[in-house]
Every structure is written in C-alpha cells, then in structure tokens.
Amino acid sequence: MSSSSDVLATTARSTDGGGAARTKAAVLKRLGGTASLVLRYAVAAAAIGLAWELFSVRFDSPVLFPGPAKTAARAVELIEEGRLQADILASLQRILIGFAIGSLVGALAGLAMGSSRLIADLFRPLVNFFRFIAPTAWIATAMVWFGLGEASKISLIIYSTMFVVLLSSMIGVGAVARNKIRAARCLGATDRQIFFLVTLPGALTYVLTGMRMALMNAFMTVVAAEMIAAEAGLGYLIYNSRQWMETDSIFVGMLTLGIVGLMADRLFVLVSRTLLRRFSFQ
C-alpha cells in the first residue's frame, strides 16, 4: 500500500510540475510575443522619424514641411492648451457611435442576406449600387437632411461602416460548410438552432474581420465630416490649421489620427481575442 501511495504522490507531483512548466512557458511565450511586437513598432517609428527628418531638411522650409522636433513642440503646446485632448475626444465619440451602429446594421443585414436567397436577391442590387458612392459625396445631403450637428457627421460614419461589415457577413455565411448544416438537420435541429449554433459561429470570424476594416473607414470618414460645420475634432484641427498655414498643427492632427487609429485597432483585436477566443484573429 505504501509503495502504491508513493507512486501516486510522485505522479501527482510530476503532473503539477508539468502543468506549472507549461503555464510558465505560455507566459514567457506571450511576453516574448509582446516584446517582439513593441520592438517592431519602435523600429518602424524610428525609421519613419528618420525619413521624416531627412525630407524636412531636404525641403528646407519649416513652414511648409515641419520636422519631427517642430511638430512635437506644437503637439505639446496643443496639449497644454487642452485643444488636442478635446479634439481627440470629439472625434472618438463620433467614431464609436457611428462604428457601433453601422457594424450592428451591417452585420444583421449581411447575416440575413447570406441566410436567405430571397432577401439577397431583393437587396443585393441596392447594396452594390450604394456601396460605390463615397461617403464624402453625401456630405452636402447629410447637412441638408440632418443639419450641422452631430447627426450629420455620425450618419456619414454609419454609411462608411455598414457596407464593409455587410459584405463580410454575407461571405461568412456562405463560407459555412454545408455538411455542418446537413449534420445539424439530421440531428433534428431547427432553423433557429442551426443559425445560432452553426451559421453564426462559423461566420463570426468574417464579421469581426469586416468590423476591423470598417474601423479604418470610420477614421477616414470622420476627417471629411469634421472639415465642414464642426467646432472640434481632429478633422476640424487639420482643416482649421490649413486656413492659418499652421502646417505643424496639420501634422499633429494627422499623427494623432494614426496613433489613435493604431491603438483602436489593437484594442479591437485584444477584445475580440479575450471575449471571443474561438472566433478571434491575429
């Protein structure tokens, strides 16, 4: 009995030790991946900064082509004045509202069109027609319909977001293996169960990919929307600085858009990995 107990205890200790080693290895691998990502971003930022400095020196006109140092100094001034923070918050608020509504509408419409041939045949011509009309073409109409307030700007972001998510969702439904649907039917699943347990999980990766691409569209559209009849926002900062030949402020606005967009993209990927681990992407 004592020898059997010793064997069991030894096995338990080895199992615990192996689990701890695997956990440690996983943590080290994740930290190594994070460090590698940070290093790649740092190298890319340094390369861009060096090229920027060389071009600004070559251009030899700080007013028309300010270098990194002049742009950084202007960014500090805008931060101290509180203007840059206010513009970031104003743009982010419009982007988040428009992106959320556009993604929801696009995903629901895409899933419906992908699941029903009748709905797809009815709405596909309209979708293919309107998705080729740029959001900037609707600026004047949006101002007439919704006024000069937030509704006109958010509606443009919804429009630019919706079609990308819609098309990705349709493709995702079509990519679900027919054998899985047949197997679910053979096991007695209803249409509702097939949709929620087979089609939706299979298409979710495509929906997330469409949302990630639509986030880029939202950032690009908000600039155009804020250039007209806005009192705050990164697009307003860029457009208003143009009138006063403040090229350094224009560069600050563009750099801020890129940095905030990059952070939003990484946050989206992180959230999708955490909450929807089975369906997330790299």
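Screening residues 48-59 for side chain to side chain donor-acceptor pair (under 3.5 Å) gives no qualifying pairs among residues at least two apart or on separate chains. The list of side chain to side chain donor-acceptor pair (under 3.5 Å) pairs with a residue in residues 160-184, not counting sequence neighbours, reads Ser160-Thr221, Asn179-Arg182.
The shortest non-hydrogen separation linking Pro135 to Leu156 is O-CD2, 3.4 Å. What you find for Val176 and Thr199 is that their closest heavy atoms are CG2-O, 3.7 Å. The two residues Leu166 and Ala109 make their nearest non-hydrogen contact at CD1-CB, 3.6 Å. Taking every heavy atom of both residues into account, Ala184 and Ile194 meet most closely at CB-CG1, 3.9 Å. The shortest non-hydrogen separation linking Thr247 to Pro66 is CG2-CD, 3.6 Å. Listed here is the closest heavy atom pair of Leu148 and Lys153: O-NZ, 3.0 Å.
Taking hydrophobic clusters as Ile, Leu, Val, Met, Phe, Trp and Tyr residues chained together by side-chain heavy-atom distances below 4.5 Å, Phe268 shares a cluster with Val207. With hydrophobic clusters built from ILVMFWY side chains whose heavy atoms lie under 4.5 angstrom apart, Met220 does not share a cluster with Val164. Each of Met170 and Leu104 belongs to its own hydrophobic cluster when Ile, Leu, Val, Met, Phe, Trp and Tyr are linked at side-chain heavy-atom distances under 4.5 angstrom. Cluster annotation: Phe251 is not connected to Leu54 through the hydrophobic network of ILVMFWY side chains, with a link wherever side-chain heavy atoms come within less than 4.5 Å. Linking ILVMFWY residues whenever their side-chain heavy atoms come closer than 4.5 Å, directly or via other members, places Val222 and Leu267 in the same cluster.
Using a 4.5 Å cut-off on side-chain heavy atoms (C-beta onward), Phe195 and Ser115 make contact. Glu226 is not listed as a side-chain neighbour of Tyr239, based on a closest heavy-atom distance of 4.5 Å or more. At a threshold of 4.5 Å between non-hydrogen side-chain atoms, the residues Tyr206 and Val173 do not count as touching. With contacts defined as side-chain heavy-atom distances shorter than 4.5 Å, the pair Asn217/Phe99 does not qualify. Using a 4.5 Å heavy-atom threshold, the side chains of Leu234 and Val223 count as separate. Counting heavy atoms from C-beta on, the side chains of Thr136 and Ile139 come closer than 4.5 Å. Two residues are said to be in side-chain contact when any heavy atoms from C-beta on lie closer than 4.5 Å; Asn128 and Arg131 meet this criterion. At a threshold of 4.5 Å between non-hydrogen side-chain atoms, the residues Val105 and Ile158 do not count as touching.
To the nearest 0.5 Å, atoms CZ (Phe196) and CG (Asp191) are separated by 12.0 Å. For the atom pair Tyr236 OH and Met227 CE, the distance stands at 12.5 Å (nearest 0.5 Å). Interatomic distance, Ile238 CD1 to Leu257 CG, rounded to the nearest 0.5 Å: 5.0 Å. Distance CE/Met213 to CG/Leu167: 8.5 Å, rounded to 0.5 Å. In this structure, CG in Leu96 is found 11.0 Å from CD1 in Ile101, a value given to the nearest 0.5 Å. In this structure, the separation between CG on Leu237 and CD1 on Ile88 is 9.5 Å, given to the nearest 0.5 Å.
Checked against side-chain hydrogen bond (donor to acceptor under 3.5 Å, both in side chains), Asp248 has the following partners two or more places apart in sequence or in another chain: Lys70. By the side chain to side chain contact (heavy atoms under 4.5 Å, CB included) test, Leu122 is found to be paired with Leu118, residues two or more places apart in sequence or in another chain being considered. In this structure Gln93 satisfies the side-chain hydrogen bond (donor to acceptor under 3.5 Å, both in side chains) test with no other residue, sequence neighbours excluded. Listed by chain and residue number, Met113, Ile119, Leu126 satisfy the side chain to side chain contact (heavy atoms under 4.5 Å, CB included) test with Phe123 (two or more places apart in sequence, or in another chain). Considering only residues two or more places apart in sequence or on other chains, Leu64 meets the side chain to side chain contact (heavy atoms under 4.5 Å, CB included) condition with Phe59, Ser61, Met245. The ring-ring contact (aromatic ring centres under 6.0 Å, His included) test applied to Tyr159 returns Trp138, Phe163, not counting sequence neighbours. Contacts of Gln85 classified as side-chain hydrogen bond (donor to acceptor under 3.5 Å, both in side chains), with partners at least two apart in sequence or in another chain: none. The salt bridge (charged side-chain N to carboxylate O under 4.0 Å, His left out) check on Arg242 picks up nothing, with sequence neighbours excluded.
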Hey, can you pull the donor-acceptor pairs under 3.5 Å for the side chains in residues 74-84, sequence neighbours left out?
from  : atom 1 : to     : atom 2 : distance (Å)
Arg74 : NE     : Ser249 : OG     : 2.8
Arg74 : NH1    : Glu77  : OE1    : 2.8

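Met263 belongs to a hydrophobic cluster whose other members, connected by ILVMFWY side-chain contacts under 4.5 Å either directly or through intermediates, are Ile259.
More than 12 non-hydrogen atoms from other residues, nucleotides or ligands lie less than 6.0 angstrom from CD of Gln243.
Judged by distance alone, the side chain of Ser272 and the main-chain N or O of Val269 form a donor-acceptor pair under 3.5 Å. When atom types are taken as modelled, the side chain of Ser116 and the backbone of Ala112 share no donor-acceptor pair closer than 3.5 angstrom. For the pair Ser152 (side chain) and Gly149 (backbone), a donor-acceptor distance under 3.5 Å is present.
A salt bridge links Glu150 with Arg94: the distance from a Lys NZ or Arg NE/NH1/NH2 to an Asp or Glu carboxylate oxygen falls below 4.0 Å.
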